[in-house]
Amino acid sequence: MKIVVTGATGFLGREVVLSALRRGHQVIALGGTRLPVIEGAQQALVLNLTDEIKLEALLLEEFPQAIINCAALATIDGCAQNPESADKINHFLPRQLAQLAFHVGAKIIHFSTDMVFNGETGRYQHTDMPSPLHLYGKTKAAGEVAVLKYGREHAAVIRTTLLNGNSPKGDRGLHERLFRDWAAGRPTLLFTDEIRQPVSLTNLADVAIELCERPNLSGVYHWAGADALSRHEMGVRIAQHFGLDAAKFVTASLRSSAPNLGIRPRDLSLQLHPLAGKLRTPVQAFDEQLGELRVPRGYEDWYEKETGRKVVRLLEKGIDY
Ligand SMILES: NC(=O)c1ccc[n+]([C@@H]2O[C@H](COP(=O)([O-])OP(=O)(O)OC[C@H]3O[C@@H](n4cnc5c(N)ncnc54)[C@H](OP(=O)(O)O)[C@@H]3O)[C@@H](O)[C@H]2O)c1
C-alpha cells in the first residue's frame, strides 16, 4: 500500500513510518521544516502543509491508498503562543487532508488527543462529548469533526495520550524527560492525583498501520495502554525498571501544592472499547512498555556510574530506532 505520512520528523510520525516499512508498505514521509531521515522510506520531502496548493498537487500526483496525519502543533503552550498556527495545523490541515483523501479514495488516519476532554471524570468513552480546557484541545477537537465530516467512511480518528518510548535524540519520551532531571541531580516532583494512561509509541504506530490495512474500521477511536496511573506511580515504576532508587529520584506531590499549575485536566484515562476488541495489535500493559525503553542517548555514562550497570550503545542509524 502507498502511504503518505505527514509529521514524519515528529516523535510519533517517525515511528509510524518505521512501522509501515516493517509491514512492507511504500512510504512517502513528509517533514515540515526538516527532512525525515528514515532509511527505507521511498520518498522523503519537506513540505509546509499549510501551502494548500502544493499539498493538493502532491497528493493528486501520488494518489496514495492511505494518508496518516501526524502533523500537529502538539503542545498546550505552543498553541497558546501561536493561536493562528494552531488553528491552521490542528483544524484546517486535517480538514484539507480528509477532503483530498476522500477525493483520491484513500483511507485517512488522523491522530487526536485525550486533551479534548476536561479530565473531571476520567474513563472517557469514544462516544463522550469533547470538553477541552485550552486551545490545544479545542483545535484538536475541531480537527476531529472536520476529518470525520469530510473523510466520511474513509476516516479514522485515534485519540491517544502520553507517548512512552525512545526518541532519536533521547529527549521526547516519558522516561527521557525524567532522566534529564535525574542526571542533573534534581528529583522530580510528580503528582499522585493526576491520572494518565500512557501508550507505547511503537504499539500506537502499529495501530495506525493496522487501521490503514482494515478499510472497514472508521470513526473516532481511543487507543492507549492498559493501565491508568498517577504521574507519581509512572515515575516510580520507571526508576525501578532502570534499577534507580525511586526514593532518591521521585518526590510525591499533590496538584493543589503547585501554585502555577495552570489549566491541566486531572484524569484523562480512556476506555479503549471498541477498538481494542477489533484489532490484532494488542493493548500493552505499562510493564510491557517499560521493556522497550532504553537508557536515553547522552545519559549512558551517568547511568553506568549511578547503577553500576553496563549500557549497550546503539548505532546512530535511522532504521535502528
Ligand atoms: N506527544 C504526545 O505525548 C501526544 C499525546 C497525545 C496525542 N498526541 C498527538 O499525536 C500527534 C503527533 O504528536 P507528536 O508529539 O509526534 O508531535 P511532534 O513531535 O511535535 O511533531 C509534529 C510534526 O508536525 C510537523 N508539522 C508541524 N507544522 C507543520 C507544517 N506547517 N507543515 C508540515 N509539517 C508540520 C512537524 O514537522 P517539522 O518538525 O519538520 O517542522 C513534526 O513532524 C499529534 O496529533 C498530537 O496531538 C501526542
Side-chain angles (χ1 to χ4, degrees), residues 4-19 28-38 41 44-52 54-55 58-59 67-79 82 84-94 96-97 108-117 119 124 130 132 134-144 146-147 156-169 171-177 196-205 207-208 221-225 231 234 265 268-270 289:
V4 168
V5 179
T6 65
T9 44
F11 189 29
L12 177 57
R14 174 185 172 76
E15 206 58 47
V16 167
V17 173
L18 291 173
S19 174
I28 300 170
L30 304 182
T33 51
R34 298 167 288 151
L35 190 69
V37 183
I38 304 173
L45 303 169
V46 175
L47 178 65
N48 180 354
L49 296 168
T50 61
D51 185 332
E52 296 182 18
K54 282 196 182 148
L55 176 60
L58 175 83
L59 292 176
I67 299 167
I68 305 179
N69 182 29
C70 306
L73 197 52
T75 61
I76 296 174
D77 290 348
C79 290
N82 208 336
E84 209 176 303
S85 294
D87 221 29
K88 272 191 189 156
I89 298 160
N90 293 346
H91 177 195
F92 295 114
L93 169 64
Q96 197 201 0
L97 286 171
I108 175 157
I109 312 296
H110 171 69
F111 282 101
S112 188
T113 169
D114 51 1
M115 294 273 179
V116 298
F117 296 117
Y124 290 101
H134 36 59
L135 190 66
Y136 172 49
K138 283 180 190 158
T139 54
K140 293 296 288 185
E144 291 181 352
V147 167
V157 170
I158 310 173
R159 283 193 196 125
T160 192
T161 181
L162 214 53
L163 303 179
N164 194 13
N166 307 299
S167 64
K169 288 190 183 153
D171 58 351
R172 291 294 310 274
L174 198 53
H175 73 295
E176 294 171 342
R177 287 177 280 145
R196 299 291 185 265
Q197 196 168 329
V199 64
S200 148
L201 186 64
T202 49
N203 173 265
L204 178 62
V207 165
Y221 296 114
H222 288 177
W223 193 264
R231 292 203 182 255
M234 286 176 221
L268 289 178
S269 51
L270 301 174
Q289 298 174 28

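Everything numeric in this text was worked out from a predicted model, so none of it was measured. Basis for what follows: all heavy atoms, side chains included, without hydrogens, waters or symmetry-related copies. First listed ligand is number 1; within each ligand, the first listed atom is number 1.
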Tell me, which protein residue and heavy-atom name are nearest [atom], and how many Å apart are they?
| atom | value |
| --- | --- |
| atom 19 (O) of ligand 1 | Arg172 NH1, 2.7 Å |
| atom 39 (O) of ligand 1 | Arg34 NH2, 2.7 Å |
| atom 46 (C) of ligand 1 | Tyr136 OH, 3.5 Å |
| atom 48 (C) of ligand 1 | Leu163 CD1, 4.2 Å |
| atom 40 (O) of ligand 1 | Thr9 OG1, 2.7 Å |
| atom 12 (C) of ligand 1 | Cys70 O, 3.5 Å |

Would you check if the side chain of [X] reaches a backbone N or O of [Y] as a donor-acceptor pair within less than 3.5 Å?
| X | Y | value |
| --- | --- | --- |
| Gln96 | Glu52 | yes |
| Lys140 | Phe111 | yes |
| His222 | Tyr124 | yes |
| Thr6 | Leu30 | no |

Any N or O on [X] sitting closer than 3.5 Å to an N or O of ligand 1?
| X | value |
| --- | --- |
| Gly31 | no |
| Thr160 | no |
| Gly7 | yes |
| Thr50 | no |
| Ala71 | no |

Q) Any chance the side chains of Asn203 and Ser200 put a donor and an acceptor closer than 3.5 Å? A)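 There is no such pair (donor and acceptor under 3.5 Å, judged by atom type) between the side chains of Asn203 and Ser200.
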
For [X], atoms of ligand 1 separated by under 4.0 Å from a heavy atom:
| X | answer |
| --- | --- |
| Leu47 | 32 (N), 33 (C) |
| Asn48 | 30 (C), 31 (N), 32 (N) |
| Ile89 | 28 (N), 31 (N) |

Just to be sure I'm reading this right: ignoring hydrogens, which of [options] gets closest to [atom]? Compare them by their nearest heavy atoms.
| atom | options | value |
| --- | --- | --- |
| atom 16 (O) of ligand 1 | Leu12, Ile158, Leu35 | Leu12 |
| atom 5 (C) of ligand 1 | Asn90, Thr161, Leu73, Thr113 | Thr161 |
| atom 7 (C) of ligand 1 | Gly13, Ala74, Ser112 | Ser112 |
| atom 45 (O) of ligand 1 | Lys88, His110, Glu15, Lys140 | Lys140 |

Q) Of all the heavy atoms in Met115, does at least one lie under 4.0 Å from an atom in ligand 1? A)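 Contact check Met115 vs ligand 1: negative.
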
Q | Whether Thr75 lies under 4.0 Å from ligand 1, heavy atom | A |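 Flag not set, Thr75 not near ligand 1.
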
(Q) I'd like to know if Arg159 pairs up with Glu144 as an ion pair, taking the criterion as any Lys NZ or Arg NE/NH1/NH2 lying under 4.0 Å from an Asp or Glu carboxylate oxygen. (A)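 Yes, Arg159 and Glu144 are salt-bridged.
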
**Q.** Check: Val207 and Tyr221 side chains under 4.5 Å, non-hydrogen atoms
**A.**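 Tyr221 vs Val207: side chains apart.
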
Q) Does Arg14 reach the side chain of Pro36, with side-chain heavy atoms less than 4.5 Å apart? A)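 No, every pair of side-chain atoms sits at 4.5 Å or beyond.
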
Q.
Using the side-chain contact (heavy atoms from CB on, under 4.5 Å) criterion, which residues pair with Phe11? Sequence neighbours excluded.
A.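 For Phe11, the residues satisfying side-chain contact (heavy atoms from CB on, under 4.5 Å) (neighbours in sequence not counted) are Leu163, Ser167, Arg172, Leu201.
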
Q) At what distance, to the nearest 0.5 angstrom, does CG of Leu73 lie from OH of Tyr136? A)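 That separation rounds to 9.0 Å.
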
Q: To the nearest 0.5 angstrom, please state how far the CG atom of Leu93 sits from the CG atom of Leu49.
A: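 Separation between the atoms: 5.0 Å.
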
Q | Closest contact, heavy atoms only, His134 versus Ile76 | A |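 In terms of heavy atoms, the two residues are closest at NE2-CD1, 3.3 Å.
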
